[in-house]
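As the structure is a computational prediction, the values presented were derived from the model and not from experiment.
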Protein chains: 2
Amino acid sequence: MPTSLHNQVVEHLGSRIVGGVIPQGSILLAADLEDRLEVSRSVIREAIRVLAQAGLVTSTKRVGIRVLAPEHWNPFDTQVIRWRLASDQQGAQLRSLTELRSCVEPMAAELAAVHAPEAMRKELLMVSAQMSHYGRQGDLVRFLELDIRFHAIVLAASGNEMFATLATPIGAILRGRTELGLMPDRPHEEALAWHQAVADAISTADSAGARKNMDSIMRRTQNEISGIWQEAPRLFHDPTRPQRK
Amino acid sequence: MPTSLHNQVVEHLGSRIVGGVIPQGSILLAADLEDRLEVSRSVIREAIRVLAQAGLVTSTKRVGIRVLAPEHWNPFDTQVIRWRLASDQQGAQLRSLTELRSCVEPMAAELAAVHAPEAMRKELLMVSAQMSHYGRQGDLVRFLELDIRFHAIVLAASGNEMFATLATPIGAILRGRTELGLMPDRPHEEALAWHQAVADAISTADSAGARKNMDSIMRRTQNEISGIWQEAPRLFHDPTRPQRK
DNA sequence: TAACGCCAATCTGTGCAGGCATAAAAATAA
DNA sequence: TTATTTTTATGCCTGCACAGATTGGCGTTA
């Protein structure tokens, strides 16, 4: 089941652009890409359309396909996030996402306490109980999956679609954190208690408690992993000038 | 300079799908679309690629182009946001975005106080001063543009790309709010003071003050406009089952 | 008879090759 | 400098072959 050809081209070009192999400002020619990648014009064109929507390139007549600067890349595009996490900008990407979740998840917990359907409240209690169980056993593999599930449920239970879609990239950074060996041998009791407290608060419609305890979780994780992005430079894109080209 | 053909097709189909004219579960056939829209295969295919990336459709062999349910739509896609704001789901869209900004902007202000470059701090002071000036004069047109600019600068000054890209949709809802006549005849003194306080706090690197005052702004706007989405239903997409079709 | 499994026909997206039209940069002329 | 022509790469169109999934028929079996 080989993934479709144009997707392969999107993957090929996208990862190279984000990875810096193809530098910003480069001009790609559709005809060149045809020979180099040995595919037909239609797949090139469809791939370029997708990359253009992600903000990686823009194609104009008579000049070609221009590779755009990082500030034009759509930071919410799932593929862009994936490519950045696999590049030397992974520090900056982790920081952005972590800052985002550290403000979104407490609000999601607060909303979930008010709006979550009964089934999700129950499931949260189950998951947090299992997290404590496997966490104390030191079963990090199972714990990781439960952790991802926990945060995904809270985000979904907020009833805010935007929050819910953040579950996927957040799951990715949780996985990345364990893969990079940034997790303690077994989760801290403190963290287990906070997860439990969030689940309890949501199931009893205690919105303030849900927010507070989720906020505690966020503060801890922020402290734990902020070392990764040592001095990854921040990008300031002045909104005054739309700066097209 | 008419925008390119395939973009027109994206616009045509996208707005109709989000608007509900083309209901979820519909099957579109590329050949049909060719005659109906009177364009060639290539533009149809490129348009479908873009719509597929936005999560509006998925195309499979032997069956056609299936229109997906709203929970698959990418809520961070700028076009999806625009189409939703122009549809009968505008209440739900406003709510999502407002909830998001109400947690993101305070955090952005806090980060801006720490990381903002000098030029942006200065500009914030200027803009907030002008907001007070034109606000007290009752010049709502100029005030609106300054307000949009103010929040865009704070988001950009956070140095977080994800926050920065939210400036565009947030600007859209600020515009929408005035167009719908949801703004008072002249801005409240309270609101003017808070904006000023945010600018002051950021320029003096007072992160706690920046967050607190921005949070006040968010609370007020949330109260002012939450009436729009009366009882727009919340969508709960269970993350457990990936549910394909 | 009814249920099951296999196979072929069919339908539709995917990919290929080549053509012309057009817009915009670059070169040239005024 | 300004106006005009030339150049050239994308935009758009069309005909064709292929792949893969659905459907229905056919024969076998319980």
Side-chain angles (χ1 to χ4, degrees), chain A residues 1-14 16-17 22-69 72 79 242-245, chain B residues 1-14 16-17 22-69 72 79 242-245:
Chain A
M1 185 201 86
T3 157
S4 59
L5 207 38
H6 71 264
N7 271 321
Q8 292 179 34
V9 174
V10 168
E11 192 65 32
H12 180 93
L13 292 177
R16 260 151 236 266
I17 291 173
I22 306 176
Q24 59 168 292
S26 306
I27 301 288
L28 307 176
L29 269 48
D32 281 7
L33 294 175
E34 282 181 47
D35 330 331
R36 289 226 329 263
L37 306 181
E38 294 181 328
V39 291
S40 74
R41 215 180 314 183
S42 49
V43 306
I44 293 289
R45 290 176 51 83
E46 289 167 34
I48 294 301
R49 283 279 96 73
V50 173
L51 293 172
Q53 213 201 358
L56 298 194
V57 302
T58 179
S59 76
T60 58
K61 276 195 163 178
R62 175 49 213 256
V63 44
I65 299 150
R66 139 173 287 128
V67 177
L68 293 175
H72 294 105
Q79 302 192 98
Q243 108 185 45
R244 253 305 130 192
K245 52 173 153 178
Chain B
M1 185 200 91
T3 153
S4 58
L5 253 187
H6 65 263
N7 272 322
Q8 293 179 32
V9 173
V10 169
E11 193 65 32
H12 180 93
L13 292 177
R16 262 150 236 266
I17 290 173
I22 306 177
Q24 58 169 291
S26 305
I27 302 288
L28 307 177
L29 269 47
D32 282 5
L33 294 175
E34 282 181 47
D35 332 331
R36 290 225 329 261
L37 305 183
E38 294 181 327
V39 291
S40 74
R41 269 203 304 284
S42 49
V43 317
I44 293 288
R45 289 175 47 171
E46 289 166 34
I48 294 300
R49 279 283 99 73
V50 172
L51 293 173
Q53 214 200 356
L56 297 195
V57 302
T58 179
S59 74
T60 59
K61 280 188 173 172
R62 179 50 167 84
V63 44
I65 299 150
R66 138 172 288 128
V67 178
L68 293 176
H72 294 104
Q79 303 192 97
Q243 109 189 41
R244 254 306 129 190
K245 54 173 156 178

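A:L28 comes within 4.0 angstrom of sugar-phosphate atoms only, judged by non-hydrogen atoms across all strands, and of no base. No engagement by B:I48 is indicated, since no non-hydrogen atom pair under 4.0 Å with the nucleic acid exists.
Every residue was checked against the salt bridge (charged side-chain N to carboxylate O under 4.0 Å, His left out) condition with B:E34, not counting sequence neighbours, and none meets it.
Of the candidate nucleotides C:dG13, D:dC13, C:dG15, C:dG13 has the atom nearest to the side chain of B:K61. Of all nucleotides listed (D:dG11, C:dG13, C:dG15), C:dG15 comes nearest to the side chain of A:S42.
With hydrogens and angles left out, the side chain of A:R41 and the base of C:dG19 share a donor-acceptor pair within 3.5 Å. Between the side chain of A:R62 and the base of D:dG11, no donor-acceptor pair of N or O atoms lies under 3.5 Å. At a cut-off of 3.5 angstrom, counting only N and O atoms as typed in the model, there is no donor on one side facing an acceptor on the other between the side-chain of B:R45 and the base of C:dG13.
In this structure, the CG atom of B:L29 is 17 Å from the P atom of D:dA21, given to the nearest Å. Look at CZ on B:R66: it is 14 Å from C1' on C:dG13, rounded to the nearest Å.
The side chain of A:S59 contributes an N or O atom lying less than 4.0 Å from OP1 or OP2 of D:dG11. Regarding contacts with the backbone of C:dG15, every side-chain N or O of A:S40 stays at 4.0 angstrom or more from both OP1 and OP2. Between B:H6 and D:dC12 there is a side-chain polar atom (N or O) within less than 4.0 angstrom of OP1 or OP2. A close approach under 4.0 Å does not occur between any side-chain nitrogen or oxygen of A:R49 and OP1 or OP2 of D:dC12.
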